[in-house]
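Data first, discussion second: the structure below is written as structure tokens.
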Protein chains: 2
Amino acid sequence: MRIGQLAEATGTTTKTLRFYEESGLLPPAERLASGYRDYAEDAVGKVAFIHRGQAAGLTLAQIRQILKIREHGQTPCSHVQGLLGQRLGELDAQIAELLALRETIFQLHEKASKPEPDSCSSDQVCRYI
Amino acid sequence: MRIGQLAEATGTTTKTLRFYEESGLLPPAERLASGYRDYAEDAVGKVAFIHRGQAAGLTLAQIRQILKIREHGQTPCSHVQGLLGQRLGELDAQIAELLALRETIFQLHEKASKPEPDSCSSDQVCRYI
DNA sequence: ATGAACCTTCCAGTACAATGGAAGGTCAAG
DNA sequence: CTTGACCTTCCATTGTACTGGAAGGTTCAT
């Protein structure tokens with residue numbers, strides 16, 4: 001399977017696949033006599049895994065760790081569980097932060113809906129922020 | 001007021017202040033005979049405004065727009081209101097996305113808490129993702 | 001044999017908001 | 001007069017996940 005076919009099969013681009021290989025997410029592909037990359041069938045599963053990992057909000061660095069564990073013949077289960085737990089904590093923190101920010105912006109937006117340009121002193125630039 | 005003092009007064013660094021000037025957020029400072037930057041008092045207010053804008057989740061590009069309007073002697077009120085409204089919409093979308101992602105991760109995390117390593121087939125890399 | 005479609009490597013750039021460091025100039029105190 | 005704190009410019013780098021383009025090699029159909 002050449003790189004274009006793998007890209008097609010996984011809904012990505014050849015550029016991205018080469019980038020994944022260079023970033024250590026995919027093992028260096030076998031080469032044909034021509035120098036073209038020649039992927040085994042399981043490459044499709046690996047790329048699909050990368051996509052699922054991204055959809056789960058994992059970074060490529062985290063996905064790389066999981067793939068490395070698998071490459072070493074181990075099952076990455078407990079590591080994955082740890083990552084998911086960590087990600088959950090990060091998400092909760094991020095959501096809390098955004099909700100607080102949303103409230104702040106909402107207040108500012110309300111205030112700005114009753115404009116009083118004259119009370120904008122130039123040393124504060126804008127009364128509403 | 002020299003750059004170090006302005007940095008101190010506004011809780012930032014000289015690096016950042018020069019970066020702001022180069023990025024068009026702050027007008028080019030006056031210079032002393034030595035070539036040192038010599039800031040007027042109102043610089044403190046401008047930098048503080050930049051910080052408040054950032055705290056409100058505005059990008060430096062958006063803050064720059066507001067500051068430009070003020071520099072042209074106008075009051076940026078309606079523009080600010082527009083930006084805040086836009087920001088509110090973005091925040092709502094982002095929060096909704098994160099909540100959905102949180103739910104996904106939560107499910108995965110639950111599933112991963114009952115490990116069954118043997119059912120991880122190598123073509124999917126990890127049963128839990 | 002020639003053109004299209006595919007592949008290769010390498011280098012550079014995107015957005016964001018700074019940050020780091022080198023090489024050198026200025027100023028006040030001791 | 002020297003030391004140290006401060007300032008100057010310029011260039012490069014950080015992290016994330018790619019994306020774009022140049023210059024050239026391969027494969028296949030016509």
Side-chain angles (χ1 to χ4, degrees), chain A residues 1-26 28-39 43 46-67 83 86-87 90-91 94 97-98 101, chain B residues 1-26 28-39 43 46-67 83 86-87 90-91 94 97-98 101:
Chain A
M1 190 180 220
R2 285 179 318 181
I3 196 168
Q5 298 170 311
L6 179 58
E8 173 99 3
T10 54
T12 184
T13 64
T14 59
K15 278 281 190 197
T16 299
L17 291 174
R18 285 190 206 98
F19 167 74
Y20 284 169
E21 177 177 317
E22 208 198 334
S23 313
L25 285 154
L26 296 175
E30 299 295 304
R31 299 297 180 123
L32 298 169
S34 59
Y36 288 10
R37 285 175 179 78
D38 183 27
Y39 289 95
K46 280 180 187 167
V47 176
F49 173 76
I50 294 172
H51 290 338
R52 291 198 306 278
Q54 288 193 296
L58 300 180
T59 65
L60 292 187
Q62 293 172 321
I63 295 169
R64 176 167 42 235
Q65 289 179 351
I66 301 171
L67 285 160
L83 283 176
Q86 182 191 323
R87 190 75 195 102
E90 287 166 9
L91 272 177
Q94 207 182 340
E97 226 174 83
L98 284 183
L101 182 56
Chain B
M1 190 181 220
R2 284 179 317 180
I3 197 167
Q5 298 170 312
L6 179 57
E8 173 98 2
T10 55
T12 184
T13 65
T14 59
K15 278 282 188 196
T16 299
L17 291 175
R18 285 190 205 100
F19 167 74
Y20 284 168
E21 177 176 317
E22 208 198 334
S23 312
L25 286 153
L26 297 176
E30 300 293 305
R31 300 297 180 122
L32 297 169
S34 58
Y36 289 10
R37 285 174 178 78
D38 182 27
Y39 289 95
K46 281 180 187 167
V47 176
F49 174 75
I50 295 172
H51 290 338
R52 290 198 306 279
Q54 288 193 296
L58 299 179
T59 65
L60 292 187
Q62 293 172 320
I63 295 168
R64 175 166 45 232
Q65 289 178 351
I66 300 172
L67 286 160
L83 284 176
Q86 183 191 321
R87 191 76 196 102
E90 288 166 8
L91 272 177
Q94 207 183 339
E97 227 176 84
L98 284 183
L101 182 56

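Order of the sequence lines fixes the chain letters, A, B, ..., with proteins taken first and strands second; residue numbering starts at 1 for each chain. On a predicted model such as this, the values are computed, not experimentally measured, just so you know.
- Here the CZ atom belonging to Arg52(B) is positioned 10.0 Å from the CD1 atom belonging to Ile63(B), to the nearest 0.5 angstrom.
- With rounding to whole Å, Arg2(A) atom CZ is found 13 Å from dT8(C) atom C1'.
- Using a 4.0 Å heavy-atom distance criterion, Arg37(A) is classed as a sugar-phosphate-only contact.
- Rounded to an integer number of Å, the gap from CD of Glu8(B) to P of dC7(D) is 10 Å.
- Remark: Thr16(B) is in phosphate contact with dT19(C), judged by side-chain N or O atoms under 4.0 Å from OP1 or OP2.
- Comparing Ala61(A) and Lys15(A) by the nucleotide of DNA chain D that holds the closest heavy atom to each, the one mapping nearer the 5' end is Ala61(A).
- Distance CD (Glu21(B)) to C1' (dT9(D)): 12 Å, rounded to an integer number of Å.
- In this structure, the CG atom of Leu6(A) is 11 Å from the P atom of dT8(C), given to the nearest Å.
- With DNA chain C read from its 5' end, the first of the two nearest nucleotides for Thr59(B) and Ser34(B) is the one closest to Thr59(B).
- Between the side chain of Tyr36(B) and the base of dT26(C), a donor-acceptor pair under 3.5 Å is found.
- Counting to the nearest Å, the P atom of dT16(D) and the CD atom of Gln54(A) are 13 Å from each other.
- Spacing between atom CG of Leu17(B) and atom C1' of dT19(C) amounts to 13 Å, rounded to whole angstrom units.
- Among all heavy-atom pairs drawn from Leu25(A) and Leu67(A), the shortest one is O-CD1, 3.4 Å.
- For the pair Leu26(B) and Ile50(B), the minimum side-chain heavy-atom distance is below 4.5 Å.
- Mapping Leu32(A) and Thr12(A) onto DNA chain D by nearest heavy atom places Thr12(A) at the nucleotide closer to the 5' end.
- Judged by distance alone, the side chain of Thr10(A) and the main-chain N or O of Leu6(A) form a donor-acceptor pair under 3.5 Å.
- Between Arg31(A) and dT26(D) there is no side-chain N or O to OP1 or OP2 distance below 4.0 Å.
- As rounded to whole Å, 13 Å separates atom P of dC6(D) from atom CZ of Arg18(B).
- With hydrogens and angles left out, the side-chain atoms of Glu90(B) and Gln94(B) include no donor and acceptor closer than 3.5 Å.
- The OH-C1' distance, from Tyr20(B) to dA18(C), rounds to 8 Å in whole Å.
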